[in-house]
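Contents: one structure, followed by commentary.
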There are 2 protein chains.
Amino acid sequence: MKLSEGTEWAIHCCSLLANLPPDFALPKSRLAEFFDLPEDYLAKFLQELSRAGLVKTSRGPGGGYQLAKPAGQINVLEIVQAVEGDQHFFQCTEIRRCGPSGVADKHYKKPCGIARTMHRAEAAWRAELAAVSLNEISQMGAEESPQEQIEKSLSWFESVM
Amino acid sequence: MKLSEGTEWAIHCCSLLANLPPDFALPKSRLAEFFDLPEDYLAKFLQELSRAGLVKTSRGPGGGYQLAKPAGQINVLEIVQAVEGDQHFFQCTEIRRCGPSGVADKHYKKPCGIARTMHRAEAAWRAELAAVSLNEISQMGAEESPQEQIEKSLSWFESVM
DNA sequence: ATAAAACGGACATATCATATCCGAATATAA
DNA sequence: TTATATTCGGATATGATATGTCCGTTTTAT
Ligand code: SF4
Ligand code: SF4
């Protein structure tokens, strides 16, 4: 029961993209370099962000990834769902219908209390993530990063653009 | 990103145990039979419930599993954690420290905004589960089960005790 | 035309979930 | 004391998913 690493990577990448000047695209090679991640594997998640409509891509020289919307209009839940899919954590296998006490399917009108409890908890999780925008994430990142890191990021950025 | 089936099994088993007369123990063979589950695999999760102190066990003839505490004093989160462990969903791999902008470890004083956001969401999930007692689960089960199922359960129970 | 870049499918490997089996420890009852 | 019923834990097998690499195709700027 663990979120994939891709989720962390995707949020970090989106946060970085949020700090880029408008109309500037960063290719996967640069993103991978910045975080020291395997380029081809990272690309999988970037493509999922693209499919989800969170980033837009441009091919060819000078191309790469940019946010598809202002960072204030993207929330963390969207990023997580793009990478993880929208499966529920709790997938009921309807074991109440099995064994010596099970009866015909038509008698089970709605999810039982167990399923409702688990789903309510998931909804609370999603709500917390949906309440945080990418903008907030990138601002927290900017405010809390050590000064030296910000300087190194800027000089890295100068060297690639 | 999916909870194991064992979680559902464990909650169902606890709910069933909550309906047993005091001082009556149900062996794993009966529990597995009731839900039509693989006996040896189910036993793994029952043992985890035992290690977590949620059920008590007695060996030898007439032995089996019973709740270790009144159902009102057990909550769903405890059961889930017993089975799933207490790992966080989101496990930060500290990628901010890597790549061309990373600086020495000592500069990172606290989890970043991403990690805090993810952990807050997990806390909300846990809180929802902790708010529901096993007693409520088993009552919902009793109230919502089809009449025919309750009768079949009772007659099954007569046959095994 | 050439080069840079995303895209998508095929593949390999590692980790974890699922499942079975068995011997050891423990308790009851005859 | 012996036979039986039960939990416990380790070993092992299998399948699914996460992780990671590779390469050919498509798109686009120059
Ligand atoms: S709906 Fe509820 S009772 Fe039925 S299998 Fe799912 S969790 Fe169990
Ligand atoms: S603490 Fe935050 S910035 Fe650092 S790796 Fe974890 S999620 Fe990323």
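Note that the structure is a prediction, hence the values are computed from the model and not measured. Sequence lines set the chain letters: A, B, ... in the order given, protein chains first and strands last, and positions in each chain run from 1.
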Rounded to whole Å, please give me the gap between CG in B:D36 and C1' in C:dA19. 15 Å
For the side chain of A:R59, counting heavy atoms from C-beta on, which of D:dC22, D:dT28, C:dA17 is nearest? D:dT28
Taking the side chain of B:S4 as its heavy atoms from C-beta onward, which of D:dT28, D:dT6, C:dA17 lies nearest to it? C:dA17
Whole-Å gap separating P (C:dG8) and CG (A:L42): 16 Å
Can you tell me how far P of C:dA6 sits from CG of A:L49, to the nearest Å? 13 Å
Decide yes or no, distance alone: a donor-acceptor N/O pair under 3.5 angstrom between the base of D:dG9 and the side-chain of B:K44. no
Do A:I114 and A:F90 have side-chain heavy atoms sitting under 4.5 Å apart? yes
On DNA chain D, check which nucleotide each of B:S50 and A:P61 is closest to and give me the residue with the more 5' one. B:S50
At 4.0 Å (heavy atoms only), tell me whether A:R30 reaches a base, stays on the sugar-phosphate, or touches nothing. nothing
If the cut-off is 4.0 Å, is B:R51 near the phosphate of D:dC8, judged by side-chain N/O to OP1 or OP2? no
Is the distance from OP1 or OP2 of D:dC8 to the nearest side-chain N or O of B:Y65 less than 4.0 Å? yes
Expressed in angstrom and rounded to an integer, what is the separation of B:L37 atom CG from C:dT20 atom C1'? 15 Å
Taking the nucleotide of DNA chain C with the nearest heavy atom to each, does A:K2 or A:L46 sit closer to the 5' end? A:L46
Would you mind reading off the distance between A:E48 atom CD and D:dG20 atom P, rounded to a whole angstrom? 14 Å
Can you identify which nucleotide, out of C:dG8, D:dT7, C:dA19, has its nearest atom closest to the B:P27 side chain? D:dT7
Which part of the nucleic acid does A:S29 contact within heavy-atom distance under 4.0 Å: base, sugar-phosphate only, or nothing? nothing
Between B:Y41 and C:dT20, is there a contact of a side-chain N or O with OP1 or OP2 at under 4.0 Å? no
Rounded to the nearest 0.5 Å, the CE atom of B:M118 sits from the CH2 atom of A:W125 at a distance of 5.5 Å
DNA chain D: A:S58 or A:E39, which has the more 5' nearest nucleotide? A:E39
Could you tell me how far apart A:F45 (CZ) and D:dG20 (P) are, to the nearest whole angstrom? 8 Å
Could you tell me how far apart B:Q87 (CD) and C:dA17 (P) are, to the nearest whole angstrom? 8 Å
Name the residue closer to the 5' end of DNA chain C, choosing between A:M1 and A:K28 according to the nucleotide with the nearest heavy atom. A:K28
Any side-chain donor paired with an acceptor under 3.5 Å for A:T117 and B:E128? no
If hydrophobic clusters are built from ILVMFWY residues whose side chains come within less than 4.5 Å, do A:L37 and A:W156 share one? yes
When you get a sec, tell me which of C:dA6, C:dT18, D:dT19 is the closest nucleotide to the side chain of A:E5? D:dT19
Do A:E39 and A:K44 meet the salt-bridge criterion of a basic N to acidic O distance under 4.0 Å? no
Atom CD of B:Q91 and atom C1' of D:dA18: how far apart are they, to the nearest Å? 13 Å
With no hydrogens and no angle check, just 3.5 Å: does a side-chain donor-acceptor pair link B:Y108 and A:Q149? yes
